[in-house]
Amino acid sequence: MSTSQAADRGEWRRTHTCGELRGSDVGQAVRLNGWVDKRRDHGGIYFVDVRDRYGLCQVVIDEKQTGEVKLGPEDVVGVWGQVVARGEDNCNTNIETGEIEVLAERIEVLSRSKVPPFEVIDNLDTAIETRLRYRFVDLRRGPLQRNLAHRSAFIHALRCAFMDEGFLEIETPILNRATPEGARDYLVPSRVHPGEFYALPQSPQIFKQILMISGYDRYFQVARCFRDEDLRADRQPEFTQLDMEMSFVLEEDVFEIWERALVRTFRETMAVDLPESFPRMRWIEAMDRFGSDKPDTRFGMELVALNEWALAGEFSVFRDSVEGGGRVMGIVVKGGAEKISRGQMKPLEKKAREAGARGLAWWKPGLSGGGAGPLARWCEGAHGEELLKIMGALEGDLLLFCADSRQVTWRVLGELRLSLARQLDLIPSGRWDFLWVTHFPMFERDEAAGRWTSSHHPFTAPEDWDLGGDPAQLDSRAYDLVLNGWELGSGSVRIHRSDVQQKVFELLGIGPEEQRQKFGFFLDALAHGAPPHAGFAVGLDRLVALTVGLDNIRDVIPFPKTTSAADLMCQAPSSVPEAQLEEVHIQLRPEARSPQEPPSGADS
RNA sequence: GGGGAUGUAGCUCAAUUGGUUAGAGUGCCGGCCUGUCACGCCGGAGGUUGCGGGUUCAAGUCCCGUCAUCCUCGCCA
């Protein structure tokens, strides 16, 4: 065996991948390349599994043939040899190439590997920290390779779907102008404009609207977006959207395009048949039935309104809540009387309080009235019977209640519903419950700042173009796509009239001067022939994660960042030499200065 | 910014009330083995117990601080 002779001569072409040889290839002379996986040395006979992203192939080494062979884990090798049948007794049905093996004539090590920090195996329980630090090893593992291959196929199918619908794929700038509102921007200092900064796009929103104004009536893009906000399992500081926009359309047109694209993509990449059309639900209905604007509709346990019943009863907490403009709602946990013990009520109550409730009223109805729980004494006789009827509950169920403002009631019961469903394993698997949520409110009140904010974004069209009446009551033409309780994406019919856009800015407390300064170009564009238009963007990381059964988006992203937005492999972010800062006219504040040493990454 | 969890060998974990030389599995290295495929057998190396400080005769263990990772609330138009 010689090291890198082949490399010196450039003879590293392979005839086959490690995953493709079959019984029908027996007798062929082949050349394989790959990484050394498992080795099984029996003295006179030496088995080596050689791996690439297509699979695994057993190579048999007889050192009388090949000379001495010393292979370490993850060495990159080239193997010349002959495909031979394993014989019935020696077949390995666990791998695709299990009928054959390659009898090595020559082995060359193209590249030696250090012992890897963890094994390249499918079922790995190594800490994510180590995996991210050595992501180049982690990415060799089957699950990651399958996830990224699926992601590639999935995005390809979506891209084809939009191309076939006549959409143009158009790129928009990464270096943008910082805009007020929305998430915190990632900033990039300008060298040629001292003291000025670009912002990375939170989304291509304004550019895609301008593309509509410019007549590109069907646009899409696989767009990277950046938001400098704190991370979650389903949130990375940079993420990918399939972003699109269309002119001369209504909501339904956008929905139908996406339904066709997703049906096709699920069929082509997963052999899953989605329904031709997804249900639509108004925002207010989602909130009243599920306590969430991204309801998981795979299971029931819906919220039940109990105002009338509460007013007919004697329980003053409930009565006062309703009379004070609040509401009383409840949920039924089927069979919950037995499944949720008194001791298990404590964590539920804690959860309710965390969601804003002042307490948690509950009732386990008894056979002949009464039963258990703080509410039992208020549910005796006909009043209790009435409650069971309204809620569709029976003896043996657990009934949970919340009396508060409608926002708190939604939130408390919405969270209890989800938490109980997970705890009691009520969520069926294998379901793809897509849902369009429509008619979001136009504005939300920011009490702390004493102003209105857009609940979607400030370019969203109102239901009423005159924007009359109480801003709190205005519906917008924004919509979300929800899958299994995850918000996959959002969009809206946009404002195409500069007068309406200015009115919305004013309602949001952005005065004429600020409008001119920050959005002048956009208002100008709107005043130069803007077609009515609407659009949507889907978070591909989330969608792809869901389709491979993950609740964390990290493993569908090749190089994800940690919850503190660090890249553990490259150790980004890092400090930079003073000279580089000078070029971009930046002087660090004292508390931001790091020691002279280059950053170690572990202590910044 | 707040809350919670975790941090011991390359990896995954254990270590009694604070008490002897910090152990196991796995991986790695060496030896043996001609049909293994989670190969087997024998042997070996491998530790700043995240970091800093404190309490104590004695700290992996207790206290304070700090860093990192994960989950989460706020935040994410």
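Computation of the quantities below employed the complete heavy-atom set of this structure, encompassing side-chain atoms and omitting hydrogens, waters and symmetry-equivalent molecules.
- Residues that satisfy the side-chain contact (heavy atoms from CB on, under 4.5 Å) test with A/F207, not counting sequence neighbours, are A/T172, A/P173, A/N176.
- Within 4.0 Å (heavy atoms only), A/D125 reaches sugar-phosphate atoms of the nucleic acid but no base atom.
- Residue ring and base: A/F118 does not count as stacked with B/C11 (centre distance below 5.5 Å and interplanar angle below 30° not both satisfied).
- Note on A/N552: only backbone sugar-phosphate atoms sit closer than 4.0 angstrom, heavy atoms only; bases stay farther off.
- Residues A/F47 and A/P117 each lie close to RNA chain B; by heavy-atom proximity, the contact nearer the 5' end of the strand is made by A/P117.
- With both ends at atom C1', the span from B/G60 to B/G43 equals 29 Å, rounded to whole Å.
- Here A/K351 lies out of heavy-atom contact (under 4.0 Å) with every strand.
- Between A/H457 and A/F459, the two ring planes are tilted [angle within 30° to 60°].
- Under the Watson-Crick or G-U wobble criterion, with both distances below 3.5 Å, B/A38 has no partner in any strand shown.
- Backbone-only contact: A/S564 has heavy atoms under 4.0 Å from sugar-phosphate atoms and none from a base.
- Inspection of the A/Q502 and A/E506 side chains reveals no N or O donor paired with an N or O acceptor under 3.5 Å.
- Ring geometry for A/W283 against A/W410 counts as perpendicular: the plane angle is over 60°, on a 0 to 90° scale with 30° as the lower cut.
- A/Y479 and A/F536 have parallel rings, their planes meeting at less than 30° on a 0 to 90° scale where 60° marks the start of perpendicular.
- Under the Watson-Crick or G-U wobble criterion, with both distances below 3.5 Å, B/U21 is left unpaired in every strand shown.
- Heavy atoms of A/R39 sit under 4.0 angstrom from primed sugar atoms or phosphate atoms, though from no base atom.
- Across all strands shown, A/I95 has no heavy atoms under 4.0 Å from either base or sugar-phosphate atoms.
- Between B/C39 and A/R40, a contact under 4.0 Å exists linking OP1 or OP2 to a side-chain N or O.
- Across all strands shown, A/E487 has no heavy atoms under 4.0 Å from either base or sugar-phosphate atoms.
- For the pair A/L124 CG and B/A38 P, the computed distance is 18 Å after rounding to whole Å.
- As rounded to the nearest Å, B/U49 and B/U8 have C1' atoms that lie 4 Å from one another.
- Set against B/U12, B/G35, B/U69, the side chain of A/N90 has B/G35 as its closest nucleotide.
- When the C1' atom is compared between B/G46 and B/G1, the two are found 42 Å apart, to the nearest whole Å.
- Between A/K38 and B/A38, a side-chain N or O to OP1/OP2 separation shorter than 4.0 Å is absent.
- Nucleotides B/U16 and B/G23 have their P atoms positioned 13 Å apart, rounded to a whole Å.
- For B/C11 and B/U20, the P atoms lie 26 Å apart once the distance is rounded to whole Å.
- As judged by a 4.0 angstrom heavy-atom cut-off over every strand, A/E119 is placed among residues touching the sugar-phosphate backbone only.
- When heavy atoms are screened at a 4.0 angstrom cut-off, A/R411 is found touching the sugar-phosphate backbone but no base atom.
- Checking B/U36, B/G1, B/C11 against every side-chain atom of A/T130, the shortest atom distance belongs to B/C11.
- Partners of A/D499 according to the side chain to side chain donor-acceptor pair (under 3.5 Å) rule, which considers only residues two or more places apart in sequence or in another chain, are A/R497.
- Look at CG on A/D49: it is 11 Å from P on B/C37, rounded to the nearest Å.
- RNA chain B is contacted by both A/E354 and A/D62; A/D62 maps to the nucleotide lying nearer its 5′ end (nearest heavy atom per residue).
- Using a 4.0 Å heavy-atom criterion, one finds that A/R232 contacts the bases of the nucleic acid, with or without backbone contacts as well.
- A/D41 comes within 4.0 angstrom of a nucleotide base, judged by non-hydrogen atoms across all strands.
- Base pairing annotation: B/A59 forms no Watson-Crick or G-U wobble pair, as no partner gives both donor-acceptor distances under 3.5 Å.
- Nucleotide B/C29 forms a Watson-Crick or G-U wobble pair with B/G43, both donor-acceptor distances falling under 3.5 Å.
- If you take atom C1' in B/G27 and the same atom in B/G44, they sit 14 Å apart, rounded to whole Å.
- Within the 4.0 angstrom heavy-atom criterion, no nucleotide atom of any strand lies near A/T453.
- In this structure, A/H42 does not pack face-to-face on the six-membered ring of B/U36, missing the 5.5 Å centre cutoff or the 30° plane limit.
- Both distances falling under 3.5 Å, in either a Watson-Crick or a G-U wobble arrangement, place B/G65 opposite B/C51.
- With both pairing distances under 3.5 Å, B/U16 is matched to nothing as a Watson-Crick or G-U wobble pair.
- When the C1' atom is compared between B/A15 and B/G7, the two are found 16 Å apart, to the nearest whole Å.
- Checking A/T453 against A/R451 by side-chain atom types alone, no donor-acceptor pair falls below 3.5 Å.
- The pairing partner recorded for B/C70 is B/G4, the criterion being a Watson-Crick or G-U wobble arrangement whose two distances lie under 3.5 angstrom.
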